[in-house]
Amino acid sequence: MQQKLRLYNTLSREKVVFEPINPPFVGMYVCGPTVYNNVHLGNVRTFTSFDILFRYLKHLGYKVRYVRNITDVGHLVNDADDGEDKIGKIAKLENLEPMEIVQRYTTDFHDVMARINNLPPSIEPTATGHLLEQISMIKELLVKGMAYEVNGSVYFSIRKYNDKYTYGELSGRNIDELLGGSRDLDGQDEKQESIDFALWKKATGGHIMRWDSPWSVGFPGWHLECSVMSHKYLGKTFDIHGGGLDLKFPHHECEIAQGTAAHGEHPVKYWLHANMLTVNGQKMSKSLGNSILPDQLFTGNHELLDQSYSPMTLRFAMLQAHYRSTMDISNDALKAAAKAYRKLMNGLRIAKSLEYDESATVDKNDKAISQINSIVDSIYRGLNDDLNTAVAIAGLFNMQKKLNSIHLGQLQPEALDKDTFDRMISTFATISHDVLGLVEEKPQNLENAIDIVLEDYKAAKQAKDYEKVDVIRAKLKEMGLSVKDMKDRIEWAYEE
RNA sequence: GGUCGCGUGGCCGAGCGGCUAGGCAGAGCUCUGCAAAAGCUCGUACAGCGGUUCGAAUCCGCUCGCGACCUCCA
């Protein structure tokens, strides 16, 4: 394309031209879910935003390695380094193995991702699968003097780190304030500074998820896994790191510190953050208890919803907003999205059906040609401008007007030059389908359609129109269905 | 309190110095057995008050509202 992709880099707080470190390869890491309960709509929005990025980068011809982890240990319930493990807690409550909890919610997560048509990442590593690597990174940080051990636990020293590097760049924190404002944590805190964070925690009595290490039988800190896994699969510096805005601090800040401390270089070139989904203007969040689960949306089974909304309706609604804006979820917005989505799918069906007759001689319509080309450009301009899917969709609707007018014979395909015609069709199909990931949701209730056909069959039979009867039976047979004339009724069954 | 962001027509939501955003809803027309779809047309929006500018929704200042992060969350 003419212009280049520009992305908003949280680190520099501006849109910058995307230039991979080693083109055509792109390394992209996105913080995945902690699998201690179901993902909610807000989580889905983040993963969908990065799915678009993944898809678009591929569309532009890059070879993308997309790594998205599953956090299955180390994420504590409350205080940064002094709570229960989220997964361990649920496991205890339900009297299950922690890995049963992990399995259950990982499966749910994958199921939701598939329904919403998010592509699977290239690699989906788990924290527990990388304990050796985590332990060796802790050793490295200890050797470099950036971490200290206390009673079998190891902490990262922000003060030591900040002596050599700068802590807080990503989130704009003032390190002195953070260091100065240390609060008393009941004197039970082992940390030198309250903002230091755990790399390894010694397991206390009730902690069921535990592993051996040089320091104690314990478990790794939450921030460590992402550093370790991104390093392992993408190298010490890689192109893109994404996640929800709420992970910017402290999680991503800690990742930067660990990576830089261990490898001497800032690990990430472009930091991208997706904004929050809100409910009645408030962030959707597990802790606020205002979550809506994907399944509740798909079934309509939630007090805030007055009907069900399909996976593609949700996807479309999300793409109508920019990923860096907050987006409010509401019945009105979803209903509008449901209609608009179906409209676009009608456009897609029309686009696929149009044909160009090269032998036809028709006067060229220069105005239409230039309009169509400028619409195509506007779509790419939108996507290149920090993934502005809203602008891209607006372009698709503008293009759909042209498709419709051809479909209705108001504009001859041959009034366009062949290149423009092809460009129009391929852009419409490729952007909506491949890049935005919008696919047709065919009606599920096939049985109703069959029943309608069988009504016809019955009527033809009564009219002794056996020619028609045979045709219907043959057509249904082609679909793998057989009609059964019972004594008092007509049934259908799968052709055996 | 600190840091950051937002307030756009009935609703959702782009735009970020001059050029039609788009969708949903609504009105009119064309088409039409009825209907739907589709096409065309319409409403002239940018929280308020100042300022900069030939020109501001877009830049600056203030005011009012809302939100995020600051020991959990995508």
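Letters A, B, ... mirror the listed sequences (proteins, then strands); counts begin at 1.
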What is the per-nucleotide protein-contact pattern of nucleotides 25-37 of chain B, from the 5' end, where B denotes a base atom under 4.0 Å from a protein heavy atom, S denotes such proximity for sugar-phosphate atoms only, and - denotes neither?
S------------

Looking only at the side chains, is there a donor atom on one of Asn290(A) and Gln282(A) sitting less than 3.5 Å from an acceptor on the other?
no

Have a look at [X] and say if it touches a base, only the backbone sugar-phosphate, or nothing, with a 4.0 Å heavy-atom cut-off.
X: Ser285(A); value: base
X: His40(A); value: base
X: Lys343(A); value: sugar-phosphate
X: Leu334(A); value: nothing

What is the distance, rounded to the nearest whole Å, between atom CG of Leu387(A) and atom P of rG15(B)?
12 Å

Classify the ring geometry between Phe47(A) and Phe109(A) as parallel (under 30°), tilted (30 to 60°) or perpendicular (over 60°).
perpendicular

Classify the ring geometry between Tyr356(A) and Phe421(A) as parallel (under 30°), tilted (30 to 60°) or perpendicular (over 60°).
tilted

Consider the side chain of Asn404(A), meaning its heavy atoms from C-beta on, and name the nucleotide among rG23(B), rG39(B), rA74(B) that approaches it most closely.
rG39(B)

Salt-bridged, Arg315(A) to Glu441(A), with N to O below 4.0 Å?
no

Pairing pattern in dot-bracket form [Watson-Crick, G-U; both distances under 3.5 Å; | = partner strand] for RNA chain B:
(((((((..(((.....[...))).(((((.......)))))....(((((..]....))))))))))))....

